[in-house]
Amino acid sequence: MNRGCRRVSGSGRGYGCRHQLPLDGEQPLAEAGCGRRLEVCRVDGGRGVCGRLAALGIFPGQKVELVCAADSSRCLVRLNGSTVSLGDGAAEKILVRAA
Amino acid sequence: MSKATLALTGNPNAGKTTLFNALTGARQHVGNYPGVTVERKEGDYKKDGFEAVIIDLPGTYSLTAYSEEEVVARNFIADEKPAVVINIIDAANLERNLYLTCQLLELKIPLVVALNMVDVAKDRGMDIDVEKLALFLGVPVLPIVARSGQGVDDLMRSARDMVAGRIAPPDMVKLKISYGEDIDQTLLLMTDMIREKNLLNKKYPSRWIAVKIVENDEILIKEVVAADPDLAERLLREAEKVADHLLKTFDTYPEALIADHRYGFIKGILKRGIITHHYDENRLYTSDHIDKVLTHRFAGPLIMLAILFSIYQITFSLSALPVSGVEAVFNWLAGMVDSILTDGPLKSMLISGVINGVGGVLGFVPLIMLMFFCIAILEDSGYLARVAFMMDRIFRIFGLHGSSVMAFIVSGGIAGGCAVPGVMATRTLRSPKERMATLLTVPFMNCGAKLPILALLIGAFFAQHQALYMFAFTLLSWIVALLAAKVLRMTVLRGAPTPFVMELPPYRFPTFKGLMIHTWERSWQYIKKAGTVILLISIVLWAMMTYPGLSPEKRDAFVKERARVEVLHESGSEALEKLLLEIDNQEKALTLRNSIAGKIGVAMEKVTWLSGFEWRTNIALLGGFAAKEVVVSTLGTAYSMGETDPESSTSLGDRLARDAAWSPLVALSALLFMMFYAPCFVTVVCIAQEAGSWNWALFSVFYSTIFAFILSTGVYQIGRIFGF
């Protein structure tokens with residue numbers, strides 16, 4: 001199974017994913033364009049936040065689609081056939097790259 | 001056969017409540033789980049000789065303790081061991097829904113899967129091989145359409161077979177989900193340790209405990225520590241070891257890896273020919289197209305304002321007639337009692353205490369039902385989730401949640417609402433701290449009952465700029481409520497904001513039956529619980545304002561006075577009526593001053609002079625605790641003015657304006673106090689009910705009263721320094 005991106009160089013909180021891939025094009029979900037297929041690379045934040053997001057299906061390696069960013073920092077994403085809305089805090093913590 | 005207990009579980013929006021309604025109809029009881037704000041719904045099922053109690057567990061995405069709902073659902077399943085757990089999953093959304101199913105399977109409980117909305121899935125071009133899915137999961141899977149009731153009988157037959165032991169519980173040998181080599185090895189080790197000591201073995205399977213410890217589930221870890229501290233320490237050490245290892249090698253937390261493997265397991269199953277897609281599986285559905293408009297960055301908020309405003313209009317305009325109808329019924333009842341009984345304490349208590357008190361409460365019922373009906377439409381159609389999404393940005397600044405907006409608007413965000421339905425509207429909030437902050441601040445809004453007070457005092461003292469003052473006070477209520485929320489969230493309700501992550505359910509047409517059930521169950525709770533407590537309190541308040549009454553000599557003095565004027569004037573003349581009324585009012589005012597409430601009012605002057613209130617104002621404020629409408633009528637009695645109709649309060653206004661104890665500054669101070677002091681007791685009872693404890697209700701009374709007092713005293717004293 002192909003799951004995702006490279007390891008994040010150690011600094012700061014959060015966690016990344018397992019496979020070593022080039023760093024190119026990684027950006028916060030909030031800044032990715034509308035209607036694009038994306039892949040989650042990394043989720044920043046404590047264990048609670050990461051666990052909660054993971055239970056909803058947002059974890060490194062997951063493919064998501066940004067339906068539309070309501071404004072600069074809030075997002076609606078489609079994944080596994082459902083629509084999930086993410087507020088300011090959450091959308092900034094999720095780093096993605098083009099899938 | 002004795003009644004079996006069946007529990008319904010599933011993701012939010014999977015159709016759990018629809019199935020629950022279909023199974024139990026109107027035979028439902030709603031309550032709260034002890035100590036938490038999660039609703040507990042129970043209902044009876046009876047068909048073909050099979051009787052069962054059905055529990056609608058809160059909707060959850062997982063069984064890890066990330067929210068109150070998850071803890072409640074998990075504890076119910078583990079502690080009460082329902083005979084069968086029915087896991088309802090959305091067929092159009094299998095991957096995400098099966099995530100919970102995986103965890104239920106790991107709990108090794110008797111499970112039946114209800115595959116809901118197979119019709120929607122078919123419309124979206126998905127074919128699901130139900131038999132194959134059942135084979136892979138190892139439990140019965142029944143396709144249903146909960147909205148129409150299709151397949152529900154088969155589902156219940158399957159549940160019945162499982163209760164009777166004709167179907168075996170899930171076979172876990174076949175179903176061990178692998179979490180990767182590192183975690184699996186640790187789990188093996190931990191499972192052995194747990195099994196050896198029989199740790200919590202009546203409640204959970206050993207491997208499940210191990211998985212939750214590795215997932216860092218704080219609630220379960222606490223449970224384990226309490227059961228066996230020594231073993232807990234060894235288990236936690238193992239969990240920490242694997243977590244460290246994963247962070248070093250993969251730079252990831254175990255829970256993300258576990259989630260990843262669960263989804264991998266699900267994808268693995270689904271890929272084996274269970275779903276066939278006829279269309280592109282990633283195309284945008286109608287719902288997404290609607291969302292492009294309704295959550296648009298400019299159009300979205302405008303549409304939202306229009307919808308919220310119209311709900312407000314509908315609720316208050318359509319309820320006006322039934323509300324006055326209920327009032328008329330109680331007036332008629334009061335008239336009946338008045339004509340049947342002779343004057344005396346019993347009659348006075350029945351009319352002033354019971355009928356006026358309970359009538360005042362039941363008068364809200366049509367309003368509450370309409371409001372719940374409108375909210376049910378918004379909720380069941382999926383729009384409320386979008387409102388929360390859009391408002392979250394502003395409310396977050398004040399430590400609240402996007403879903404708080406509904407409660408604020410209903411409570412009087414646009415002057416004239418009511419805090420009672422507002423408090424109840426907080427049920428749509430999921431995170432406990434944000435919900436509590438909303439509960440405690442919505443009573444600051446200018447409800448309809450505060451409007452006559454505003455009208456009276458503004459009319460009497462600030463007549464030149466009435467509209468401006470009205471608008472300013474509405475604005476002020478918003479500012480105070482939001483700032484109070486911010487302060488509460490920084491002090492007693494401190495805690496990091498819950499990141500706003502919420503599934504937006506696809507738009508659906510609400511079913512009429514669903515709307516009716518939702519409206520009725522919430523309204524009935526209000527009628528029943530508030531009704532009983534309120535009856536008691538209104539009798540107490542009546543007694544306080546009536547007893548101990550006048551001394552016989554004083555009463556004799558009034559009798560003599562009446563006799564004196566009756567001699568002086570022609571019987572039936574207008575002048576006589578007027579004089580008699582005047583005497584009645586003087587007697588009432590004197591009785592009030594002599595009553596317990598009156599004595600308290602006088603005693604309170606020792607403190608309230610600081611904000612410029614004299615004893616008569618104090619009594620009115622005390623009465624306002626019963627219902628804010630009472631403030632104006634009590635002021636009327638206390639200032640001995642005769643029947644004061646709140647609508648035509650000009651005469652009382654004139655009287656106040658001329659009274660030596662009042663001035664524009666006192667009026668301003670009184671206005672501020674009345675806007676922000678303790679909510680009326682109907683609201684307080686509702687807060688207690690919603691918060692699940694009387695402590696929060698009492699807190700609400702005290703903190704708002706203290707705040708109001710400090711505010712009005714500050715304004716009064718500063719005003720005096722500047723010579724107003």
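A note on names: the letters A, B, ... follow the listed sequences, proteins ahead of strands, and every chain is numbered from 1. Please read all numbers here as calculations on a predicted model, not as lab measurements.
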Please step through side-chain hydrogen bond (donor to acceptor under 3.5 Å, both in side chains) for the pair B:T295 and B:R386, ending with a clear verdict. CA-CA 7 Å; B:T295 62; B:R386 273 80 182 175; over 6 Å; no
Who among B:L94, B:N93, B:L100, B:I266 has the most heavy-atom pairs with chain A under 4.5 Å? B:N93
Would you mind checking which part of B:T64 comes under 4.5 Å of any heavy atom in chain A, side chain (CB onward), backbone (N, CA, C, O), both or neither? neither
Is it the backbone or the side chain of B:Q103 that comes under 4.5 Å from a heavy atom of chain A, or both, or neither? neither
Before we go on, tell me: are the rings of B:Y383 and B:Y507 under 6.0 Å apart, centre to centre? no
Do side-chain atoms of B:N116 reach the backbone of B:A14 as a donor and acceptor pair under 3.5 angstrom? yes
Between B:Y99 and B:Y263, what is the ring plane arrangement, given parallel below 30°, perpendicular above 60°, and tilted in between? parallel
